[in-house]
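Here's the structure we're looking at; comments come further down.
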Amino acid sequence: MKRLFTTTALAASMAVATAAYAAKDDTKNAPMEVTPAQQQDAQPSLETPGEMLSDATATADDDVLAMRDNFAVMSGNAISAADVVGAAVVGPDGKEIGTVDDLIFNEDKSIDQVIIADGKMFGFGGKNVAIDFEGASITRDQNDERMVRIGMTDQALEEVAEFDKAPLEESGGKLATSYIGRDVALATEDDGTGEISDLILDRNGTAKYAVVEYGGMLEMNENRVAVDLNSLKSAPAGEPLNLAMTLDQLREQPSFFYSEEETPKDGEM
């Protein structure tokens, strides 16, 4: 959902409850005031967490996947986590101040924090920081690429404590990158494995589906399906996640596509 950016103060506060989330606990982020001129310069099409929830007539599943014949197509309201990781981070003045390094999920698989590689990462003084997702906005730039807007300038971001995500990487399920690129073990060894290529988020930033690719060399073409994220059983970091489905059952699932334009036309199957 695209909305005009009207909020004049966005708060992005550092989570400092445990050492796993921050190197020190004495930094808080103040909201930044946005002037009308800054609003004019900034990209106006924003999807803030609150606005993502504003359509009470739609169900969560309807917002994520739409069924087209025997295809599952990502809806226009859904968000690809793979598009967000690596996306530009923009401050309230429209200036790019970093990139998204990763997303941190809470126990409900909703985005809790955004890990940002600040704008100096490729020079001296660069670091990763983590800020609350609340108050951030996931939107698109003029080239239709994902970007994330936060309520902090680059100067304010520099004051945030450096973040070490290594403990979360070891947990095996707290980060978007804990899933993307990870192998999936199917029901039996004979069924082989698949790989998670993406997570599909709903309008509230909750991960609902994992995009699993399987097949490849032996089946000539890579096959792609979206499976309920809760159907994947947790495993230690570095080990495949378990999916209690056989290869034949995966083949029976609707093929997943990011847009209707990708779906095969008559005669292309």
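Bear in mind the structure is a predicted one, so any value in this text is a computation, not a measurement.
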List the steps, then state whether side chain to side chain contact (heavy atoms under 4.5 Å, CB included) holds for Arg146 with Arg140.
-> CA-CA 4 Å; Arg146 282 293 182 190; Arg140 294 186 182 275; 3.5 Å; yes
Please assess Asp112 against Phe133 for the test side chain to side chain contact (heavy atoms under 4.5 Å, CB included), listing each intermediate value before the final yes or no.
-> CA-CA 5 Å; Asp112 184 36; Phe133 179 62; over 6 Å; no
Backbone of Thr206 reached by a side-chain donor or acceptor of Asn204 within 3.5 Å | no
Looking only at non-hydrogen atoms, find the nearest pair between Pro240 and Ala185 and report the distance.
-> CB-N, 3.9 Å
Without hydrogens or angle criteria, can the side chains of Asp198 and Tyr258 be said to hold a donor-acceptor pair below 3.5 Å?
-> yes
Sub-4.5 Å side-chain heavy-atom contact between Leu168 and Phe163 = yes
Heavy atoms only: give me the nearest Ala237-Glu170 pair and the separation to one decimal.
-> CB-O, 3.6 Å
CE of Met67 to OG of Ser75: how many Å apart, nearest 0.5 Å?
-> 13.0 Å
Say whether, by atom type as modelled, one donor and one acceptor occur between the side chain of Arg182 and the main chain of Glu239 under 3.5 angstrom.
-> yes
Short N-O contact, Glu107 and Lys174, less than 4.0 angstrom = yes
Any donor-acceptor pair under 3.5 Å linking the side chain of Lys109 with the backbone of Gly205?
-> no
Heavy-atom distance under 4.5 Å between the side chains of Val148 and Ile116, does that happen here?
-> no
Look at Lys165 together with Asp101 and state whether they make a salt bridge at an N to O cut-off of under 4.0 Å.
-> yes
Return yes if a side-chain donor-acceptor contact under 3.5 Å exists between Thr246 and Asp191, otherwise no.
-> no
Looking only at atom types and distance, does a side-chain atom of Asp164 sit under 3.5 Å from a main-chain N or O of Ala166, one as donor and one as acceptor?
-> yes
Leu65 versus Val73: any side-chain heavy-atom pair under 4.5 Å?
-> no
Close side-chain approach of Asn70 and Ser255, heavy atoms under 4.5 Å | no
Leu247 side chain near Tyr214 side chain, heavy-atom distance below 4.5 Å | yes
Closest approach of Ala78 to Ile200 (non-hydrogen atoms, all atoms of both residues) = CB-CG2, 3.9 Å
Residues Asp228 and Lys208 bridged, charged N to O under 4.0 Å | no
Just wondering, do Tyr179 and Val211 contact through their side chains at under 4.5 Å, heavy atoms?
-> no
Residues Arg224 and Glu262 bridged, charged N to O under 4.0 Å = yes
Worked check of side chain to side chain contact (heavy atoms under 4.5 Å, CB included) between Glu169 and Leu175 = CA-CA 7 Å; Glu169 290 175 322; Leu175 301 170; 3.6 Å; yes
Donor-acceptor pair, side chain of Asp183 and main chain of Thr193, under 3.5 angstrom | no
Check whether any side-chain heavy atom of Val84 sits under 4.5 Å from a side-chain heavy atom of Ile79, and report yes or no.
-> yes
Taken to the nearest 0.5 Å, the spacing of Asn242 CG from Ser231 OG works out to 11.0 Å
4.5 Å side-chain heavy-atom contact, Leu157 and Val129 = yes
Mind listing the closest non-hydrogen atom pair of Val225 and Pro254 along with its distance?
-> CG1-O, 3.7 Å
Look up atom CG in Asp83 and atom CE in Met147, then write down how far apart they are to the nearest 0.5 Å.
-> 14.0 Å
Going from CG on Leu201 to OG on Ser110, what distance comes out if it is rounded to the nearest 0.5 angstrom?
-> 9.0 Å
Decide yes or no on side chain to side chain contact (heavy atoms under 4.5 Å, CB included) for Asp118 and Asp154, but give the supporting numbers first.
-> CA-CA 8 Å; Asp118 70 25; Asp154 54 349; over 6 Å; no
Pair Arg68 + Glu260, salt bridge at N-O below 4.0 Å = yes
Atom pair OH (Tyr209) and CG (Leu199), whose distance is rounded to the nearest 0.5 Å | 13.0 Å
Might you point out which heavy atoms bring Ala207 and Leu229 nearest each other, and give the distance in Å?
-> CB-CD2, 3.6 Å
How many angstroms lie between atom CZ of Arg149 and atom CD1 of Ile97, to the nearest 0.5 angstrom?
-> 9.5 Å
Scanning both residues in full, the closest heavy-atom pair of Ala244 with Ala187 reads C-CB, 4.4 Å
